[in-house]
Amino acid sequence: MKVIGVDIGGTNIRAALFDDGAEIRTVVRAATLGADERPAGTMLTLIREVGGEDPVAAVGMAITGPVDVRTRIVHNPHTLPDWSGSAWVDEVEAALGVPIVVENDAMGAAFGEFARGAGREAEVMAMVTLGTGIGVAVVSRATGALRGAAAFHPEAGHLLIGSGALDRVDRCYCGQVGCWEELCSGSSIPKYWTTGGRIRWDDYGQMLARGIRNVTRAYAPDTVVFGGGVSANFDDFAPALREASAEPDPMGAPVVFVRAELDEPGCVGAAHLAAALAG
């Protein structure tokens, strides 16, 4: 069975065609739309490009930021303004004639890593996606995915971690000062963690650990998987992260930190959901 998985991030969109779980080809484009582009038409073009002449059974989409999985409308004007506030998914589904399932991008990536990647041996896995923002998703073997009321995704990336030794911290678009996403997302690195053209990965890793402590105490995972663009530098910030987390937490279970194994966990997770939808 062939399905398409789409990962819509704040910077790029990736669409991949899968046949019985095996990835066949991938297409990448910028998430920002041109002056003459519209969400439905742009997505249709991308899906048809990656799908080619192959008929597909369903499409899965993992989309950054708050997304209502029931109405399939994105509510993320801050990091995904071109795709927010309209029912463009309904238009795409009607034009394609195949069902579409929508999920938060952090949860989509978590499903991919939990099923086929670094979390496949975990009992409870937290996926921390370090990209334009910070997304956190939690999946349990016993209870499945952690969801909030009205099927909204919990935004753990906006928990407060304080400012540490930083002299200046800007207010996050969420309205808070000292927000984890403001201080540790990919967007934060040139603002707070770069000096003389050199990234201070040790300092970054120590600040990242503050947010990870919130995650491990709130959700008690045995495995934390790091994905997103910043995870390409996992080996640079992981030593400081592990050092800052070395003391046993009297309020949490033992936990291991690992980098995501899949090249495109969001696409894999979205395709996994599409295959389940198609039956």
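- In plain terms, the two heavy atoms of K2 and D19 that are nearest each other are CE-OD2, 3.5 Å.
- Shortest non-hydrogen contact noted between C184 and L130 is O-CD2, 4.1 Å.
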What verdict does the side chain to side chain contact (heavy atoms under 4.5 Å, CB included) test give for W83 and V89, after you've listed the backbone C-alpha separation in whole Å, the side-chain angles of each residue and the deciding distance to 0.1 Å? CA-CA 10 Å; W83 301 86; V89 176; over 6 Å; no
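- Judged by distance alone, the side chain of N76 and the main-chain N or O of T79 form a donor-acceptor pair under 3.5 Å.
- None of F237, Y192, F234 except one satisfies the ring pair (Phe, Tyr, Trp, His ring centres under 6.0 Å) rule with Y204; the exception is F237.
- A donor-acceptor distance shorter than 3.5 angstrom exists from the side chain of S188 to the backbone of S185, with no hydrogens or angles considered.
- The main-chain N or O of D235 is never found under 3.5 Å from a side-chain atom of W201 such that the two would form a donor-acceptor pair.
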Please report the C-alpha distance between M207 and I161 in whole Å, then the side-chain angles of each, then the deciding distance to 0.1 Å, and finally whether the side chain to side chain contact (heavy atoms under 4.5 Å, CB included) criterion is met. CA-CA 8 Å; M207 184 64 82; I161 61 171; 3.6 Å; yes
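- Atom NE2 of H272 and atom CG of L277 lie 12.0 Å apart (nearest 0.5 Å).
- Closest approach of A31 to D82, counting heavy atoms only: O-OD2, 4.2 Å.
- Although no hydrogens or angles enter the test, the distance criterion places a donor-acceptor pair under 3.5 Å between the side chain of R25 and the main chain of G51.
- In the displayed structure, E243 atom CD is contacted under 6.0 Å by at most 12 heavy atoms of other residues, nucleotides or ligands.
- Looking only at side-chain heavy atoms (C-beta outward), V59 and V6 come within less than 4.5 Å of each other.
- In this structure, D263 places its CG atom where only 12 or fewer heavy-atom neighbours from other residues, nucleotides or ligands lie under 6.0 Å away.
- We find the CD1-CG distance between I199 and D203 to be 12.0 Å, quoted to the nearest 0.5 Å.
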Do any side-chain atoms of residues 217-230 form donor-acceptor pairs under 3.5 angstrom with protein atoms, and if so which ones, sequence neighbours left out?
unit_1: R217; atom_1: NE; unit_2: D249; atom_2: OD1; d: 3.2
unit_1: R217; atom_1: NE; unit_2: D249; atom_2: OD2; d: 3.0
unit_1: R217; atom_1: NH2; unit_2: D249; atom_2: OD1; d: 3.0
unit_1: D222; atom_1: OD1; unit_2: E123; atom_2: N; d: 3.1
unit_1: D222; atom_1: OD1; unit_2: V124; atom_2: N; d: 2.6
unit_1: D222; atom_1: OD2; unit_2: E123; atom_2: N; d: 3.3

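- Here the straight-line distance linking atom CD of E49 with atom CD1 of I4 works out to 10.5 Å at 0.5 Å rounding.
- Shown here are the ring pair (Phe, Tyr, Trp, His ring centres under 6.0 Å) partners of H78, two or more places apart in sequence or in another chain: Y173.
- With hydrogens and angles left out, the side-chain atoms of R200 and T195 include a donor and acceptor closer than 3.5 Å.
- For the pair E181 (side chain) and G133 (backbone), a donor-acceptor distance under 3.5 Å is absent.
- For E264 (side chain) and A16 (main-chain N/O), no donor-acceptor pair under 3.5 Å exists by modelled atom type.
- Among all heavy-atom pairs drawn from L262 and R116, the shortest one is CD2-O, 3.8 Å.
- Minimum interatomic distance between A58 and A274 (heavy atoms only, all atoms of both residues): CB-O, 3.4 Å.
- Note: S163 OG to R210 CZ = 7.0 Å, rounded to the nearest 0.5 Å.
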Salt bridge (charged side-chain N to carboxylate O under 4.0 Å, His left out) evaluation trace for R29 with E37: CA-CA 13 Å; R29 63 149 288 155; E37 292 183 306; 2.9 Å; yes
Go through the steps to decide whether R120 and E261 satisfy the test salt bridge (charged side-chain N to carboxylate O under 4.0 Å, His left out), and finish with yes or no. CA-CA 10 Å; R120 60 187 176 274; E261 290 183 3; 2.6 Å; yes
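- Between the E23 side chain and the F18 main chain, no donor and acceptor come within less than 3.5 Å of each other.
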Show the numbers, then the answer: is there a side chain to side chain contact (heavy atoms under 4.5 Å, CB included) between V69 and E103? CA-CA 6 Å; V69 300; E103 183 56 86; 3.9 Å; yes
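- Checking T132 against T11 by side-chain atom types alone, a donor-acceptor pair falls below 3.5 Å.
- Here NE2 of H153 is found 8.0 Å from CG of L146. Values are rounded to the nearest 0.5 Å.
- Between R213 and E247 there is no salt bridge, since no side-chain N of the basic residue sits under 4.0 Å from a carboxylate O of the acidic one.
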Decide yes or no on side chain to side chain contact (heavy atoms under 4.5 Å, CB included) for I63 and N104, but give the supporting numbers first. CA-CA 5 Å; I63 307 175; N104 173 273; over 6 Å; no
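- A distance-only check finds a donor-acceptor pair linking the side chain of T194 to the backbone of I189 [under 3.5 Å].
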Apply side-chain hydrogen bond (donor to acceptor under 3.5 Å, both in side chains) to the pair T26 and R14, showing each step before the final yes or no. CA-CA 7 Å; T26 303; R14 291 173 172 82; over 6 Å; no
Residue pair R259, E113: steps toward the salt bridge (charged side-chain N to carboxylate O under 4.0 Å, His left out) verdict: CA-CA 10 Å; R259 180 182 172 183; E113 289 293 335; over 6 Å; no
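- The two residues V177 and V169 have their closest heavy-atom pair at CG1-O, 4.0 Å.
- The main-chain N or O of M1 is found under 3.5 Å from a side-chain atom of D20 such that the two form a donor-acceptor pair.
- To the nearest 0.5 Å, atoms CG (D68) and CD1 (I73) are separated by 7.0 Å.
- A donor-acceptor pair under 3.5 Å is absent between the side-chain atoms of T143 and the main chain of S140, judged by distance alone.
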